[in-house]
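The structure appears right after this line, and notes come after that.
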Amino acid sequence: MSRQDIPTVTLAAEDDQPAIDLPAIGQGTWYMGEGRATPDEEIRALQQGLELGLTLIDTAEMYADGGAEKVVGQALKDRRDQAFLVSKAYPWNAGRDSAINACEQSLKRLRTDHLDLYLLHWPGSIPLEETLEAFERLQEQDKIKRFGVSNFDIDDMKTFTELSGGERCAVNQVLYHLGSRGIEHSLLPWQRQQGIPTMAYCPIAQGGNLRRELLGDPEVNAIANELDASAAQVLLAWAIRPVDGKRDIIAIPKAVQPDHVRQNAAALSLTLSDDAIARLDAAFPAPQRKTPIDIV
């Protein structure tokens with residue numbers, strides 16, 4: 001698949017930022033920088049992903065206490081312009097001044113002068129008005145291009161977007177996979193009405209309210225075998241599937257092994273038929289009532 005053929009999700013234009021098309025699958029970094037793999041392996045994986053078109057890299061100051069950001073910074077040495085870089089701030093670092101400092105510390109670890117997207121990691125006790133003020137100041141200083149949130153349920157999203165400036169929320173990053181579909185009842189439809197894309201973490205079912213293990217599920221594997229794909233690729237293709245002809249979900253799996261990186265990139269070209277989606281829906285139905293969003 002050429003770069004031109006990669007399925008994308010569009011972030012809307014705002015102020016001096018033009019609309020941008022991002023790959024529907026990016027790269028997560030949770031657990032990087034913790035010694036589970038060597039730094040060289042993690043750096044190589046991120047660079048390999050960039051070469052395969054997985055140009056969105058998501059990280060956070062929380063991951064390995066900044067260790068993941070350092071890995072990303074090393075991976076992006078001399079290739080910063082190849083990546084759309086996302087990081088996240090702790091909720092207790094989201095004040096009008098503390099968010100400025102938190103962002104600046106992230107930038108140092110990432111060895112860059114700006115983030116393409118900066119998120120509030122989850123709702124906290126600091127008033128959202130303060131966080132928005134800080135985000136807007138960071139934009140004015142060209143330290144971030146866009147801002148958004150993570151782990152916000154529908155009530156939090158409504159509160160945030162109703163604030164002055166909050167309507168410019170670029171994304172909401174939440175846990176979402178075939179076995180954790182709670183956002184489909186209320187949150188996802190509302191975000192679609194507002195034109196706010198979703199970033200899906202743990203898209204290969206590494207967390208959430210699992211009824212059973214998905215990678216070993218018979219139906220998931222039957223579909224994978226029919227498509228000559230892996231179960232993980234089916235789960236990724238399901239997460240980024242278009243709805244009513246439009247894609248608005250970006251999956252951000254984490255991978256370190258070269259084969260896993262290749263499989264994640266190859267999932268961009270995997271298309272699930274209506275029949276396959278119906279079978280997965282039957283095996284893992286969406287909830288019929290509002291449930292709290294899953295968080296890990």
Worksheet item: Where the side chain of Glu14 meets the backbone of Ala12, is there a donor-acceptor pair that is under 3.5 Å apart?
Response: no

Practice prompt. Starting at CE of Met199, measure out to CD1 of Ile252 and round the result to the nearest 0.5 Å.
Written response: 4.0 Å

Fill in: Over all atoms of both residues, closest heavy-atom pair of Ala89 and Tyr118
CB-OH, 3.2 Å

Worksheet entry | Single-linkage hydrophobic cluster, 4.5 Å side-chain cutoff, Trp92 and Leu132 together | yes

Worksheet entry | Single-linkage hydrophobic cluster, 4.5 Å side-chain cutoff, Val243 and Leu11 together | no

Item to complete: Could you check Gln257 against Gln263 for side chain to side chain donor-acceptor pair (under 3.5 Å), going step by step and ending with a plain yes or no?
Response: CA-CA 10 Å; Gln257 298 305 316; Gln263 285 192 33; over 6 Å; no

Worksheet entry | Distance-minimising heavy-atom pair for Val9 and Asp248 | CG1-CA, 3.8 Å

Worksheet item: Would you call Glu51 and Arg79 a salt bridge, using N to O less than 4.0 angstrom?
Response: yes

Item to complete: Report yes or no: does Ser98 contribute a side-chain atom to a donor-acceptor pair with the main-chain N or O of Gly95 at less than 3.5 Å?
Response: yes

Discussion item. With a 6.0 Å cut-off on the ring centroids, do Tyr31 and Tyr63 count as close?
Written reply: no

Item to complete: Report yes if some heavy atom in the side chain of Ser150 is under 4.5 Å from a heavy atom in the side chain of Trp122; otherwise report no.
Response: no

Worksheet item: Is there a side-chain contact between Ile249 and Leu188 (heavy atoms, below 4.5 Å)?
Response: yes

Worksheet item: Is it true that Glu226 and Arg279 have a side-chain N and a carboxylate O under 4.0 angstrom from each other?
Response: yes

Discussion item. Quick one, Ser106 with Lys88, criterion side-chain contact (heavy atoms from CB on, under 4.5 Å). Give me CA distance, side-chain angles, the key distance, then yes/no.
Written reply: CA-CA 9 Å; Ser106 286; Lys88 300 183 284 290; over 6 Å; no

Worksheet item: Between Arg80 and Asp116, is the closest basic N to carboxylate O distance under 4.0 Å?
Response: yes

Discussion item. With a 4.0 Å cut-off on N to O distance, would you call Lys143 and Asp113 a salt bridge?
Written reply: no

Worksheet item: Is Leu187 close to Asp153 at the side-chain level, that is, under 4.5 Å between some pair of heavy atoms?
Response: yes

Item to complete: Mind checking the CG-CG spacing from Leu56 to Leu22? Nearest 0.5 Å is all I need.
Response: 5.5 Å

Response to the item:
When rounded to the nearest 0.5 Å, the distance separating CZ of Arg111 from CG of Asp78 is 10.0 Å

Worksheet item: Quick one: which of Leu85, Thr112, Leu138, Ile144 gives a side-chain contact (heavy atoms from CB on, under 4.5 Å) with Leu107?
Response: Thr112

Discussion item. Quick one about Gln17 and Arg168 (side-chain donor to acceptor, distance below 3.5 Å, no hydrogens or angles considered), yes or no?
Written reply: no

Discussion item. Using 0.5 Å steps for rounding, measure from the CG atom of Asp58 to the OH atom of Tyr201.
Written reply: 10.5 Å

Worksheet entry | Asp244, CG: over 12 other non-hydrogen atoms inside 6.0 angstrom | no

Worksheet item: Given side chains that start at C-beta, do those of Val86 and Ile57 come closer than 4.5 Å, heavy atoms only?
Response: no

Practice prompt. Identify the two heavy atoms, one from Ala265 and one from Leu52, that lie closest to each other, and give their separation to 0.1 Å.
Written response: CB-CB, 3.7 Å

Worksheet item: Counting distance only, does the side-chain N/O of Arg192 pair as donor-acceptor with the main-chain N or O of Gly195 below 3.5 Å?
Response: no

Fill in: Polar side-chain atom of Gln27 near backbone of Leu54 as donor-acceptor pair, under 3.5 Å
yes

Fill in: Closest contact, heavy atoms only, Ser180 versus Asp294
OG-OD2, 2.5 Å

Item to complete: Find the distance between CG (Asp156) and CG (Leu128) and round it off to the nearest 0.5 Å.
Response: 7.5 Å

Discussion item. Does Val71 form a side-chain contact (heavy atoms from CB on, under 4.5 Å) with Thr29? I'd like the steps, not just the answer.
Written reply: CA-CA 9 Å; Val71 170; Thr29 62; over 6 Å; no

Practice prompt. Evaluate salt bridge (Lys or Arg N to Asp or Glu O under 4.0 Å) for Arg181 paired with Asp281, printing each intermediate quantity in order.
Written response: CA-CA 10 Å; Arg181 303 180 61 175; Asp281 284 344; 2.9 Å; yes

Fill in: Inter- and intrachain pairs under ring pair (Phe, Tyr, Trp, His ring centres under 6.0 Å), touching residues 238-274, at least two apart
Tyr176-Trp238

Discussion item. If we ignore hydrogens and angles and just use 3.5 Å, is the side chain of Thr38 paired with the main-chain N or O of Glu41 as donor and acceptor?
Written reply: yes

Practice prompt. For side-chain contact (heavy atoms from CB on, under 4.5 Å), just list the numbers for Cys103 and Phe135, CA-CA rounded to whole Å, side-chain angles, deciding distance to a tenth of an Å, and then say yes or no.
Written response: CA-CA 9 Å; Cys103 182; Phe135 283 173; over 6 Å; no

Item to complete: Look only at the side chain of Gln105 and the backbone of Ala102, and say whether a donor-acceptor pair between them is shorter than 3.5 Å.
Response: no

Discussion item. Measuring from atom OG1 of Thr198 to atom CD of Glu184, what distance do you get when rounded to the nearest 0.5 angstrom?
Written reply: 10.5 Å

Discussion item. If you apply the rule side-chain contact (heavy atoms from CB on, under 4.5 Å), what do you find for Leu272 with Arg241, and how did you get there?
Written reply: CA-CA 8 Å; Leu272 300 180; Arg241 69 200 184 285; 5.6 Å; no

Worksheet item: If we ignore angles and hydrogens, is there a donor and acceptor under 3.5 Å between the side chains of Thr10 and Asp21?
Response: yes

Worksheet item: Are side-chain heavy atoms of Ile25 and Pro253 found at a separation under 4.5 Å?
Response: yes

Practice prompt. Check the hydrophobic clustering (I, L, V, M, F, W, Y; side-chain heavy atoms under 4.5 Å; chains of links allowed) and say if Ile126 and Leu119 are grouped together.
Written response: no

Worksheet entry | Lys70, NZ: over 12 other non-hydrogen atoms inside 6.0 angstrom | no

Discussion item. A quick test of your reading: do over 12 heavy atoms of other residues, nucleotides or ligands sit less than 6.0 Å from CG of Asp228?
Written reply: no

Worksheet, complete the sentence: Residues Ala68 and Thr59: closest non-hydrogen pair is CB-OG1, 3.6 Å

Worksheet item: Are any non-hydrogen side-chain atoms of Leu235 and Leu215 less than 4.5 angstrom apart?
Response: yes

Item to complete: Using only heavy-atom distances, determine whether the side chains of Asn93 and Glu61 contain a donor-acceptor pair under 3.5 Å.
Response: yes

Item to complete: Only counting residues at least two apart or in another chain, list the ones meeting salt bridge (Lys or Arg N to Asp or Glu O under 4.0 Å) with Arg109.
Response: Glu69

Discussion item. Quick check on Lys290: does its NZ atom have over 12 non-hydrogen neighbours (other residues, nucleotides or ligands) under 6.0 Å away?
Written reply: yes

Worksheet item: Do the side chain of Glu167 and the main chain of Gly165 share a donor and acceptor less than 3.5 angstrom apart?
Response: yes

Worksheet item: Does CG in Asp259 sit with more than 12 non-hydrogen atoms of other residues, nucleotides or ligands closer than 6.0 Å?
Response: yes

Fill in: Nearest heavy-atom neighbours spanning Ala37 and Val256
CB-CG1, 3.8 Å

Item to complete: Ignoring hydrogens and angles, tell me if any N or O in the side chain of Glu42 forms a donor-acceptor pair with the backbone of Gly33 under 3.5 Å.
Response: yes

Worksheet item: In terms of hydrophobic clustering (I, L, V, M, F, W, Y; side-chain heavy atoms under 4.5 Å; direct or indirect links), are Ile295 and Leu120 co-clustered?
Response: yes

Worksheet item: Under 3.5 Å, is there a donor-acceptor pair between the Gln191 and Asn172 side chains?
Response: yes

Discussion item. Assigning hydrophobic clusters by single linkage (Ile, Leu, Val, Met, Phe, Trp, Tyr; side-chain heavy-atom cutoff under 4.5 Å), is Ile100 placed with Leu115?
Written reply: yes

Item to complete: Would you mind reporting whether Leu163 and Glu129 have side-chain heavy atoms less than 4.5 Å apart?
Response: yes

Worksheet item: Tell me, do Val149 and Gln173 make a side-chain contact under 4.5 Å, heavy atoms counted?
Response: no

